[in-house]
Amino acid sequence: METPCMPALEMSPAVHATVVSDRREPAPGIVIVGVRAPQLAASIRAGQFVMAVPPSGERVSTALGVYEVEGDRVSLMLVVVGPRTRELALLSDGDSLALLGPLGNGFDCDSLGDDVALVAGGVGVAPMLLPARDLVARGARVTLYYGARTARALVDIALFEAVGATVVTATDDGTLGHHGYVTDVLARDGARHSAIAACGPSPMLRSVARVARQLDLRAQLSLEETFACGVGACWGCVVPLDRSSAQAPKFPDAAAGESRDYVHARICKEGPVFWAHELRW
Amino acid sequence: METPCMPALEMSPAVHATVVSDRREPAPGIVIVGVRAPQLAASIRAGQFVMAVPPSGERVSTALGVYEVEGDRVSLMLVVVGPRTRELALLSDGDSLALLGPLGNGFDCDSLGDDVALVAGGVGVAPMLLPARDLVARGARVTLYYGARTARALVDIALFEAVGATVVTATDDGTLGHHGYVTDVLARDGARHSAIAACGPSPMLRSVARVARQLDLRAQLSLEETFACGVGACWGCVVPLDRSSAQAPKFPDAAAGESRDYVHARICKEGPVFWAHELRW
Amino acid sequence: MVDTQPSLATNLGGLLLSAPTLMGSGCYGSGEEYAPFIDLARIGGVVLKSVTRLPRLGNDAPRLVPVASGLLNAIGLQNPGIDSYLANDVAKFADRPCAIVGSVAGFAIEDFGDVTERLAARAEIDAIEINISCPNVAHEGETFACDPKLAERATQAARARTKKPLIVKLSPNVTDIASIARVVEAAGADALAVVNTVRGMSIDVDRQAPKLGNVTGGLSGAAIRPIAVLAVWEVARAVRIPILGQGGIETARDALEFVLAGATAISVGTGNFTDPRAPITIADGIRAYLAARGCASIEEIVGAANPGYLARR
Amino acid sequence: MVDTQPSLATNLGGLLLSAPTLMGSGCYGSGEEYAPFIDLARIGGVVLKSVTRLPRLGNDAPRLVPVASGLLNAIGLQNPGIDSYLANDVAKFADRPCAIVGSVAGFAIEDFGDVTERLAARAEIDAIEINISCPNVAHEGETFACDPKLAERATQAARARTKKPLIVKLSPNVTDIASIARVVEAAGADALAVVNTVRGMSIDVDRQAPKLGNVTGGLSGAAIRPIAVLAVWEVARAVRIPILGQGGIETARDALEFVLAGATAISVGTGNFTDPRAPITIADGIRAYLAARGCASIEEIVGAANPGYLARR
Ligand SMILES: Cc1cc2nc3c(=O)[nH]c(=O)nc-3n(C[C@H](O)[C@H](O)[C@H](O)COP(=O)(O)OP(=O)(O)OC[C@H]3O[C@@H](n4cnc5c(N)ncnc54)[C@H](O)[C@@H]3O)c2cc1C
Ligand SMILES: Cc1cc2nc3c(=O)[nH]c(=O)nc-3n(C[C@H](O)[C@H](O)[C@H](O)COP(=O)(O)OP(=O)(O)OC[C@H]3O[C@@H](n4cnc5c(N)ncnc54)[C@H](O)[C@@H]3O)c2cc1C
Ligand SMILES: Cc1cc2nc3c(=O)[nH]c(=O)nc-3n(C[C@H](O)[C@H](O)[C@H](O)COP(=O)(O)O)c2cc1C
Ligand SMILES: Cc1cc2nc3c(=O)[nH]c(=O)nc-3n(C[C@H](O)[C@H](O)[C@H](O)COP(=O)(O)O)c2cc1C
Ligand code: FES
Ligand code: FES
């Protein structure tokens with residue numbers, strides 16, 4: 001994952017003391033929080049993430065993708081699932097919020113070809129706006145396959161259309177688009193694509209990997225896992241990865257003669273984006 | 001503590017599902033939250049308290065005095081000192097909040113005579129508005145001795161004046177009223193009073209008790225202590241009390257022949273208001 | 001999906017419960033204190049506050065310290081002693097529309113026998129729980145629950161004096177709780193309560209002194225939940241008698257962790273201080289969970305996440 | 001008030017620290033991962049991730065579960081093994097502008113001796129901490145830290161092979177931590193790290209299975225703070241060597257609880273995951289606390305709330 005879509009200002013990660021500038025709730029339980037974060041906005045690349053420091057302490061930080069980037073402002077999309085996302089969703093204008101970032105290696109947009117399928121499940125849509133924008137900007141055709149439980153949870157479709165992506169939807173309950181999984185639509189219509197980039201819950205990503213194999217396409221998957229440090233220090237967020245992957249950390253065999261063909265890679269450090277065919281799930 | 005100032009609708013305590021109707025912040029770190037709670041408003045008596053259920057769970061409930069009561073509305077005054085008061089202070093209009101109450105035995109206003117000194121330190125002013133109003137209503141002269149760290153923390157003086165109380169202030173830093181402790185003023189000027197009722201941090205209440213002894217006045221003290229249940233179930237909030245007090249719970253001697261002249265009374269159940277001369281601090 | 005409501009009834013070592021939700025000893029008084037807030041007929045039962053041979057004034061204040069996701073307490077077993085308790089308190093428990101479990105604490109082996117016998121003799125009492133997390137005054141102050149021999153003898157002493165269901169409450173403050181559980185089972189317990197509070201303390205940095213009057217106390221609440229779930233998991237693999245799970249239960253999902261680990265019933269302590277409606281929302285939540293999975297009874301899921309438990313039944 | 005800034009410098013069993021704030025093993029990598037976020041010159045030191053004789057792939061995912069006010073982890077000591085570590089990693093630690101403590105874990109007594117010797121021989125390493133919270137494969141899997149004899153032998157094995165300061169890290173999962181501490185002191189430890197994680201588990205009620213790949217894990221974070229403060233308090237009364245306090249420290253006031261209980265220095269683990277600036281705000285807060293009380297050095301307040309500690313020094 002060497003070349004990002006749009007070469008951003010190369011800057012090492014830092015703690016950014018940001019201030020909330022705006023907040024909207026496009027659907028119940030989904031909150032988009034905008035913050036002023038000039039350095040972060042200047043340096044973040046598609047698919048990288050930040051760690052949000054909990055305003056009250058007492059909990060570990062939360063990994064969040066970066067949704068929009070415009071000028072000095074970046075926004076975060078929160079789906080409230082537990083105490084940390086609940087607390088962050090309560091932030092309002094003027095509140096301060098510390099963010100660590102940019103972290104991890106994002107999507108390698110240059111390797112995705114000219115007709116890219118972006119696949120997003122639920123909050124997995126958050127890190128998809130930046131690659132959609134960047135891919136369109138370099139002339140690629142972009143289709144966003146976007147699935148959620150129900151129509152209301154499919155947020156901001158117009159925003160993706162505005163950056164030039166075609167949006168194909170699916171809902172578990174059939175209230176919008178295909179009635180069923182978005183990966184079914186991908187399997188049916190996806191053969192024409194040059195490559196896939198996906199983000200969403202693990203079961204969806206496994207299904208994307210299967211479909212990609214069937215369609216003989218390469219797929220970049222942004223994995224979800226519970227993080228503690230988010231910076232590669234604790235080895236809490238691993239996934240088994242081909243030893244031959246360019247992203248694989250160097251690691252000796254466990255014992256002489258006992259050669260394993262995979263290593264544990266840190267999702268926060270070597271990822272969060274991996275090539276589907278290199279994962280040993 | 002038999003007869004309350006104004007005989008309120010006798011009603012057993014309950015869980016009240018209330019909704020926040022208003023919120024103001026009279027000084028930094030002090031928040032007044034109004035809720036719609038018709039049954040509670042109809043039944044609460046001066047000096048009783050409620051337990052506020054934490055909106056997020058994971059913490060024990062918080063004991064709070066009831067500040068204002070008007071029609072269906074009661075209000076709570078919060079001084080943010082820790083995680084529970086911080087969370088409650090974040091409540092905003094329309095949020096729901098469960099309150100248990102009314103709890104405990106309040107002030108016995110009828111026993112306070114005709115020229116009552118109310119003494120409040122910091123957030124100890126919260127449960128003082130109801131007795132001030134009730135005492136004035138039954139014709140007593142009421143002086144509120146009100147102390148805080150600094151002028152800004154002396155909130156709502158006008159509200160106490162509006163119900164007919166004279167307000168005497170003191171601040172630790174001398175920014176308003178007497179420069180020093182409010183109990184110094186009481187010691188100097190308090191001889192004319194018929195009795196004292198006080199609420200505030202423990203050191204202040206101990207000092208009120210000393211002053212009351214010097215002035216030969218009876219004093220009712222509303223004690224502060226960490227509560228867990230607030231309903232008399234856990235015996236976590238005790239204070240040593242004269243065995244002869246009318247409020248003393250029945251309790252046998254620890255062993256034959258070993259007669260103790262005090263018992264542990266529950267502040268939440270037998271109190272929170274006790275006669276100063278009956279406490280065995 | 002099943003047509004009828006799943007059953008929450010369960011059998012805890014001979015104690016029949018209409019719901020698997022008991023209220024923890026020391027946290028619910030005698031039930032009456034909470035009666036204004038919830039309908040006691042909808043809970044499984046109340047474990048009464050522990051009673052001792054002699055009256056105890058308890059520890060000096062402060063007795064409670066709120067800590068992160070929990071509570072430290074050092075009440076010191078304040079109670080009127082068994083004589084006064086039998087004379088003045090027990091008759092009132094007859095009114096409670098749920099199971100009533102007497103709790104017995106002691107500082108000598110004989111205490112467990114004597115107090116258990118006198119309390120269990122009363123018709124108002126459906127079962128006895130012995131709280132063995134106290135120091136043995138005759139044995140260098142060693143805690144009964146932390147020494148296999150002492151735990152065994154306390155259990156035997158109580159067992160010999162009642163035929164009512166006998167629950168023994170274990171402490172998590174041990175190197176190997178499963179070995180203590182096995183000894184207590186062999187000594188005749190009908191069920192095990194797992195677990196009591198975890199030892200802890202907190203220091204007031206302004207006063208440079210411990211916050212609790214008693215210096216040390218017991219940690220309870222959500223903070224200890226992972227410790228308690230593991231204790232249930234390990235005990236469930238070691239014994240065949242049923243387990244009453246407890247430690248930080250506030251919601252139905254919390255309670256289900258204990259049931260899936262191998263608890264037949266659960267107990268809510270500190271959770272009542274968070275919200276007294278917890279026992280009702282927990283029972284309702286468990287019922288909904290069972291219904292969604294087509295289970296007719298809670299007994300179908302006891303230990304379902306614990307292969308070591310299932311292998312032993 | 002003192003005119004000059006109070007000193008935070010301290011001596012942990014021969015390890016000289018410019019600040020009393022170390023970063024806990026396994027939570028701070030090698031320091032380099034956090035270098036973009038804070039100035040490492042302002043912390044006392046880093047305790048490196050534990051290294052073992054052979055490489056270890058570690059446990060299956062998931063390895064982390066967030067719980068109330070804390071974290072459950074089961075990393076399984078993933079590390080490249082001492083050969084690769086010496087060849088590829090240790091030289092990098094020379095850059096770190098703070099003390100570097102190597103951490104050694106083992107599954108056999110010999111591991112502690114051999115790995116300690118090889119690691120301590122390197123100039124980049126200022127001191128060794130041994131992590132004895134691992135099962136002894138030759139001894140029915142009993143944990144070194146939970147058995148006095150095993151803890152003693154592991155300590156002796158490491159002690160015999162280095163003259164650098166030796167810190168032994170104790171486990172809270174024991175009936176009596178003070179007795180283990182005494183044995184380890186007698187076996188030659190220069191300081192004690194108190195405490196490692198508390199054993200716990202969490203169950204996914206939807207999948208009806210444990211959440212951690214390894215089933216059980218270690219609980220850390222604010223949830224265990226009262227347990228850890230008590231452990232420090234009890235160990236401080238039992239030994240004369242200094243204590244490195246840890247368990248749930250996030251703020252200066254948290255850290256001061258440990259210092260007042262008897263810790264000479266403290267370690268921040270999970271607190272870094274909450275906010276990587278914690279070590280700096282903690283050091284600043286301690287300095288302000290000392291200044292407000294007119295103390296010239298942190299050493300003046302070590303154990304100030306623990307009479308039993310003060311009596312032994
Ligand atoms: C690289 C990366 C980027 C991420 N980006 C975002 C983002 O932009 N926005 C965002 O909202 N989240 C994002 N996440 C996920 C987010 O970090 C977690 O959902 C968060 O840690 C939840 O914290 P919590 O305390 O609210 O809930 P937790 O306490 O962690 O979980 C609460 C409960 O919800 C369950 N749960 C957890 N996650 C989910 C889920 N996704 N759906 C349903 N149930 C769940 C858990 O099993 C648990 O029972 C990202 C994660 C990663 C690794
Ligand atoms: C009968 C009764 C009525 C009460 N009425 C009110 C009320 O109307 N409004 C209100 O705000 N509070 C009231 N209190 C006090 C309130 O219940 C406690 O302050 C509350 O429990 C604090 O919870 P917390 O989680 O915010 O802080 P905690 O975690 O309990 O405490 C945080 C820190 O602050 C310290 N601390 C605690 N209380 C104070 C204090 N008063 N001043 C300075 N430091 C403190 C503690 O030592 C601790 O270090 C009342 C208490 C009682 C017993
Ligand atoms: C204030 C308080 C008092 C307690 N008193 C007793 C007691 O008298 N006897 C007993 O066996 N357990 C007692 N306990 C322990 C509880 O019954 C329970 O085992 C423990 O708190 C863990 O559960 P929880 O986290 O749900 O509270 C007490 C706990 C608290 C918090
Ligand atoms: C993710 C993680 C990894 C850890 N790895 C190690 C380790 O390799 N060696 C060790 O001695 N302790 C390890 N620990 C324990 C910590 O160093 C520390 O003792 C414990 O977490 C308690 O402190 P805390 O609450 O500040 O985290 C680890 C803890 C965590 C959370
Ligand atoms: S979360 Fe710590 S290494 Fe990834
Ligand atoms: S707080 Fe439980 S008895 Fe008062």
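Chain letters run A, B, ... following the sequence lines, proteins first, then strands; residues in each count from 1.
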Kindly give the heavy-atom pair with the smallest separation between [X] and [Y], and that separation in Å.
{"X": "D:Pro36", "Y": "A:Pro13", "answer": "CB-O, 3.2 Å"}
{"X": "D:Cys27", "Y": "A:Ala233", "answer": "O-CB, 4.2 Å"}
{"X": "D:Asn59", "Y": "A:His264", "answer": "O-CE1, 3.8 Å"}
{"X": "D:Pro66", "Y": "A:Arg84", "answer": "CG-NH2, 3.4 Å"}
{"X": "A:Gly57", "Y": "D:Glu250", "answer": "C-OE1, 4.2 Å"}

Turns out that what part of D:Ser69 lies under 4.5 Å from chain A's heavy atoms comes down to both
Bottom line for D:Leu71: the part with an atom under 4.5 Å from chain A's heavy atoms is side chain
Of the listed A:Cys229, A:Pro83, A:Ala98, the one with the largest count of heavy-atom pairs under 4.5 Å with chain D is A:Cys229
Within a radius of less than 6.0 Å around OH of D:Tyr289, do more than 12 heavy atoms belonging to other residues, nucleotides or ligands occur? yes
Fill in: Over 12 foreign heavy atoms within 6.0 Å of CZ, D:Arg53
no
[X] [atom1] to [Y] [atom2] distance, which is reported to the nearest 0.5 Å:
{"X": "D:Phe37", "Y": "A:Met51", "atom1": "CZ", "atom2": "CE", "result": "9.5 Å"}
{"X": "A:Lys269", "Y": "D:Glu33", "atom1": "NZ", "atom2": "CD", "result": "6.0 Å"}
{"X": "D:Asp275", "Y": "A:Leu100", "atom1": "CG", "atom2": "CG", "result": "7.5 Å"}

Is [Y] close to [X] at the side-chain level, that is, under 4.5 Å between some pair of heavy atoms?
{"X": "D:Asn88", "Y": "A:Lys250", "result": "no"}
{"X": "D:Phe273", "Y": "A:Cys234", "result": "yes"}
{"X": "A:Val60", "Y": "D:Thr270", "result": "yes"}
{"X": "A:Arg59", "Y": "D:Thr274", "result": "no"}
{"X": "D:Asn79", "Y": "A:Trp235", "result": "no"}

Residue from D:Gly26, D:Gly58, D:Gly221 scoring the most non-hydrogen pairs under 4.5 Å with chain A is D:Gly26
Applying a strict 4.5 Å limit to non-hydrogen atoms, the region of A:Leu103 in contact with chain D is side chain
Turns out that what part of A:Glu58 lies under 4.5 Å from chain D's heavy atoms comes down to both
